[in-house]
Amino acid sequence: MKKLSVPLIILSLAVVLSIGSAQAAGSTFVIIGTGGITGVYYPTGGAIAKMVNKKKKEYGVRATVESTEGSVFNINAIMAGDLEFGIVQSDRQFQAMNGIAEWQDKGPQTELRAVFSIHQEAVTLVTATDAGIKTIIDLKSKRVNIGNPGSGQRQNAIDALTAVGIDYEKDIKAKSFKASEAAGLLQDNRIDAFFYTVGYPSGSIKEVTSGIRKVVIADIVGVDSLLERFPYYTKASIPIKLYPGADNKQDVITFGVKATLCTSSKIPDDIVYAITKEVFDNLEEFKTLHPAFSTLTKESMLTGLSAPLHPGAMKYFKEVGLK
Ligand code: GLU
């Protein structure tokens, strides 16, 4: 075989590289905003991106994932055009659509669009065993992380505390750390408990229940008034077998919401269509990508949405008879 001369090798390399970049230039890059890397949003974004990127030549869409501060941050970043997609708690989607909670001053976020919903999230109250907290009511006077302002869980924690008569500004020592820091802070005895609204199992709760400081995942009871008042809250139970390191041996009683994928009305239909189609057409494969997805059904993934469906998602749902 004839040896290639050095200039020829450089030339062929240049040709290969330029074809590669031409294809890249033909792709539309989209970013999916998630949450902390030890939550479930981050691997969920990764799973969606993985499905879509397999067909990047066909669809011309290339998705990447960004770790963020959580639901509230994601909605605001989608509205600002800094993210194309974001994973968002169903309650936060409702509040943004209706211009309440964090959106009271800005008003309804009318360009927010729903794509589909994903896993169940439980409001998870992790406590140090040595702090003697059996249920939410025992949090009085304790150091409690309620979550950073961009997170979904902060309002869930405030709602739950308020429902049981605890004023988070007076009756507890409320902290505003990110969920990704909470496990370490609890292990270092800098907090006694933290709230995290998260799918199960999650890396963060596995981490904190495997540490030296023993941990109880406490029940959140006495919050029925919340379920009556707010349409987006439902009863939830966390199977304790998912966290064998926890000190409690019973499933945890709590309440929860759903994780949903959101976008903006400004995102072209074909991009949203491609993402919806890839996840739904290959749902059985998608479900293997995280244990929190194990109970998903196509029908269940159309519930918990309060923003209008994006027309790209609607097109797919109509095609397959889901709408
Ligand atoms: N539900 C949390 C939030 O909205 C994020 C949970 C996760 O990252 O899995 O901030």
Side-chain angles (χ1 to χ4, degrees), residues 31-49 65-79 83 85-97 101-103 109 112 114-126 145-160 175-184 194-209 217 220 230 232-234 236 238 242-243 254-263 286 289-294 296 304-307:
I31 306 174
I32 306 171
T34 60
I37 57 167
T38 50
V40 180
Y41 285 9
Y42 190 74
T44 298
I48 296 171
V65 170
E66 202 168 285
S67 166
T68 74
E69 292 177 18
S71 287
V72 172
F73 176 95
N74 291 345
I75 292 174
N76 292 336
I78 292 169
M79 295 295 88
L83 290 174
F85 291 89
I87 306 179
V88 161
Q89 287 180 200
S90 49
D91 52 327
R92 301 323 218 136
Q93 190 187 129
F94 180 94
Q95 292 162 348
M97 266 322 291
E102 273 86 344
W103 297 275
Q109 303 298 294
L112 188 65
V115 185
F116 49 76
S117 70
I118 323 165
H119 55 278
Q120 271 271 335
E121 298 190 85
V123 182
T124 310
L125 173 56
V126 177
N145 189 43
I146 60 170
N148 55 299
S151 73
Q153 55 267 357
R154 189 176 171 93
Q155 190 63 46
N156 306 143
I158 295 171
D159 285 348
K175 311 284 176 196
S176 304
F177 297 111
K178 288 192 215 166
S180 56
E181 297 169 290
F194 67 87
F195 285 91
Y196 193 10
T197 304
V198 68
Y200 39 89
S202 77
S204 160
I205 312 290
K206 277 190 183 163
E207 178 191 338
V208 75
T209 51
I217 306 176
I220 303 186
F230 301 114
Y232 39 73
Y233 285 146
T234 55
I238 307 166
L242 297 176
Y243 300 119
T254 182
F255 67 107
V257 292
K258 282 187 90 174
T260 71
L261 183 68
C262 286
T263 188
F286 180 76
L289 299 178
H290 196 286
F293 305 156
S294 62
L296 292 184
L305 306 172
S306 37

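Note: hydrogens, waters and symmetry copies are ignored here, and every other heavy atom, side chains too, is used. Whatever order the structure lists them in is the order used to number ligands and atoms, beginning at 1.
- Close approach to Q89 involves these atoms of ligand 1, each under 4.0 Å from a residue heavy atom: 1 (N), 2 (C), 3 (C), 4 (O).
- Distances below 4.0 Å separate heavy atoms of Q153 from the following atoms of ligand 1: 1 (N), 2 (C), 3 (C), 10 (O).
- Taking every non-hydrogen atom of V40 and a distance limit under 4.0 Å, the qualifying atoms of ligand 1 come out as 7 (C), 8 (O), 9 (O).
- The proximity of E121 to ligand 1, defined as any non-hydrogen pair under 4.0 Å, is limited to the side chain.
- The aromatic rings of F293 and H119 sit tilted relative to each other, their planes meeting at an angle between 30° and 60°.
- When every heavy atom of R92 is checked against every heavy atom of S151, the shortest pair comes out as NH2-O, 3.5 Å.
- Close contacts of ligand 1 with G152, meaning ligand atoms under 4.0 Å from a residue heavy atom, involve 3 (C), 4 (O), 10 (O).
- Ligand 1 places these atoms under 4.0 Å from at least one heavy atom of S71: 3 (C), 4 (O), 10 (O).
- Looking at Y42 against ligand 1, nothing comes within 4.0 Å, counting heavy atoms.
- Side-chain contact of N156 with T197: a donor-acceptor pair under 3.5 Å is present, judged by distance alone.
- The contact set between ligand 1 and S151, taken as ligand atoms under 4.0 Å from a residue heavy atom, comprises 10 (O).
- In this structure, CD on Q93 lies 12.5 Å from CD1 on I87, to the nearest 0.5 angstrom.
- Within the listing of ligand 1, atoms 6 (C), 7 (C), 8 (O) sit less than 4.0 angstrom from a heavy atom of Y196.
- The contact set between ligand 1 and T197, taken as ligand atoms under 4.0 Å from a residue heavy atom, comprises 1 (N), 2 (C), 5 (C), 6 (C).
- In this structure, T209 OG1 and I217 CD1 are separated by 6.0 Å, a value rounded to the nearest 0.5 Å.
- In this structure, N74 contributes its side chain and T34 its backbone to a donor-acceptor pair below 3.5 Å.
- Between the side chain of T254 and the backbone N or O of A236, no donor-acceptor pair lies under 3.5 Å.
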